[in-house]
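Structure first, then comments.
In what follows, every chain begins at residue 1, and chains take the letters A, B, ... in the order their sequences are listed.
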Amino acid sequence: MPELPEVETIARGVHECVRGDRIVEVWFGSHPQPFKTTPLRQARGLEGRAILAVYRAGKHIVCELSAPDERTSGRGKHRNQRGGDAAAHDVSAQWIVHLGMTGRLLVTTPDAPLEPHTHARLNLASGRELRFVDPRRFGRLDFLDLSRVPGFRAPGADPLTVSGDVFASLFHGRKTPIKAALLNQKLLSGVGNIYADESLFRAGIRPRRLCGRLTRSELEGLRLALIEVLRHAIRLGGSSVSDYVDANGVRGFFQLEHCVYQRGGLPCLRCQTPIKRIVLAGRGTHYCPQCQR
DNA sequence: ATATGGCCCTGGTTGC
DNA sequence: TGCAACCAGGGCCATA
C-alpha cells in the first residue's frame, strides 16, 4: 500500500519524466469509482495543459498544470495566440492522484502493453504516456480548476517537517491509541499501516498506548523515529509489498528492512521475542511485546 | 465533537 | 486438484 515514502518516490519519478510535457489527449475507463470529478470534466480540464511540476502532499500526488494551450486543446483552435506562453508557468489547475491500496502511476510509451485495470491514459506531446492503474479501485483522481477552487492541501501536518511542539500538540489529550492517531490523516498526512508499526517499534512504544498517556519525551522519540524510518524508506525507494512499483515500474527495497510489519510470530530482530499481531483500528498491527512498552 | 465499525474492491492465500 | 471462502486495507460514511 503506497504510503509517504512510496508516494514520494513515485512523485519524484513522474516529475523527472514528464515535467514540461504537455497533455495532448486523455482517455478514461468506464468505472466511476476512481473519479472524484466526473471523467468528462477531468478529461476536458486536462487536455492542452502543460505539466509544470509533480510533488507529494501527504499520500496524494499533485500534478501542477498550466493554462490550456488552445492550439493543442482541440477546442478554440481559431483563437489568436496573443499572450502565447506568457502564462505557461502560472499554475492554473491541479490533477490530484491518490493511489489507495493498489494504485500505480506509470510513465510508459503508448504502445506498452495495456495492463488490466488501467483507468486513465494521458497522452503527452513528447510521445510518452502517463497511466493510472488500480485493480482494487480504492484510488481516486480529481481535477481542480484553481480559478474556481483553492489548491490542494493535505488535511494534516507533514511528518517529515512537523516541529516537535506541533507534533506533541496533535496527540495531546487524545483518548485514542497512538497507532490509530498515527493513521489519522487529519493529524499527520502520509503515515499508513507499515510506517505506523515500524516507527512505533523503533520508538519502543506499544501501539495500544493512549495518546494522552504518552510523555513529551516519548512523543519526541516517536517523531524522530518516524522521520528516520520515512527517510530511510525513501532512500530505498519505498516498500514493495502488494504490487508497488515506482513511475518506471521499479520495485523498492524497504520491505527487506521491516522490523515488525507482517512479521507476526517471527523473532524480534533485537531481542528474539516473537512479534505479536493484533487488530487495532481495523488494521493488522505488529509489535514486539518485549521492546515496546 | 470524537471515536468506532461497515463498506467498497480484487487478487492472493488458505482450507476443505 | 479445484473451487470457494477469507483476508488485506485507505478513506468515507453512518452511528454511538
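- As rounded to whole Å, 17 Å separates atom P of dT2(B) from atom CG of L210(A).
- Only one option out of E198(A), K179(A), R283(A) pairs with N193(A) in a side chain to side chain donor-acceptor pair (under 3.5 Å); it is K179(A).
- Atom-to-atom, CG of L182(A) to P of dA3(B) comes out at 13 Å; the value is rounded to the nearest Å.
- Closest contact between the side chain of R174(A) and the listed nucleotides dG9(C), dT10(B), dA3(B) involves dA3(B).
- A salt bridge does not link E16(A) to R12(A): none of the charged nitrogens lies less than 4.0 Å from a carboxylate oxygen.
- Using a 4.0 Å heavy-atom distance criterion, G284(A) is classed as a sugar-phosphate-only contact.
- Computed from coordinates, the Q262(A) CD to dG12(B) C1' distance equals 12 Å when rounded to whole Å.
- Residue T176(A) has a polar side-chain atom (N or O) positioned under 4.0 Å from OP1 or OP2 of dT4(B).
- Nucleotide dG9(C) holds its P atom 7 Å from the NE2 atom of H286(A), rounded to whole Å.
- Taking atom CD1 of residue I278(A) and atom P of nucleotide dC7(C), one finds them 17 Å apart after rounding to whole Å.
- Remark: H117(A) is in phosphate contact with dG11(B), judged by side-chain N or O atoms under 4.0 Å from OP1 or OP2.
- Ionic pairing of R209(A) and E218(A) is present here: one or more N-O contacts between side-chain nitrogen and carboxylate oxygen are shorter than 4.0 angstrom.
- At a cut-off of 3.5 Å, with distance as the only test, no side-chain donor of D134(A) or H119(A) sits close to an acceptor on the other residue.
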B/S/- contact track for nucleotides 10-16 of chain C, protein heavy atom under 4.0 Å: BB-----
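- Between Y261(A) and dG9(C) there is a side-chain N or O to OP1 or OP2 distance below 4.0 Å.
- Here the C1' atom of nucleotide dA1(B) and the NZ atom of K186(A) are 11 Å apart, to the nearest Å.
- If you look at Y195(A) and F254(A), their ring centroids are closer than 6.0 Å.
- Proximity of R136(A) to the phosphate of dC8(B): no side-chain N or O atom is located under 4.0 Å from OP1 or OP2.
- Between Q42(A) and W95(A), the side chains place a donor N or O and an acceptor N or O closer than 3.5 Å (distance only, hydrogens not considered).
- The CG atom of D134(A) sits 11 Å away from the P atom of dC9(B) (whole-angstrom rounding).
- Electrostatic pairing of D165(A) and R216(A) counts as a salt bridge here, judged by a charged N lying under 4.0 Å from a carboxylate O.
- One N or O on the side chain of E3(A) and one on the backbone of G192(A) form a donor-acceptor pair closer than 3.5 Å.
- When the local axes at the two ends of the helix from dT2(B)-dA16(C) to dC16(B)-dG2(C) are compared, using 5 base pairs at each end, they differ in direction by 50° after rounding to 10°.
- Rounded to whole Å, atom C1' of dA3(B) lies 15 Å from atom CD1 of I178(A).
- Between the side chains of R131(A) and T108(A), at least one donor N or O sits under 3.5 Å from an acceptor N or O.
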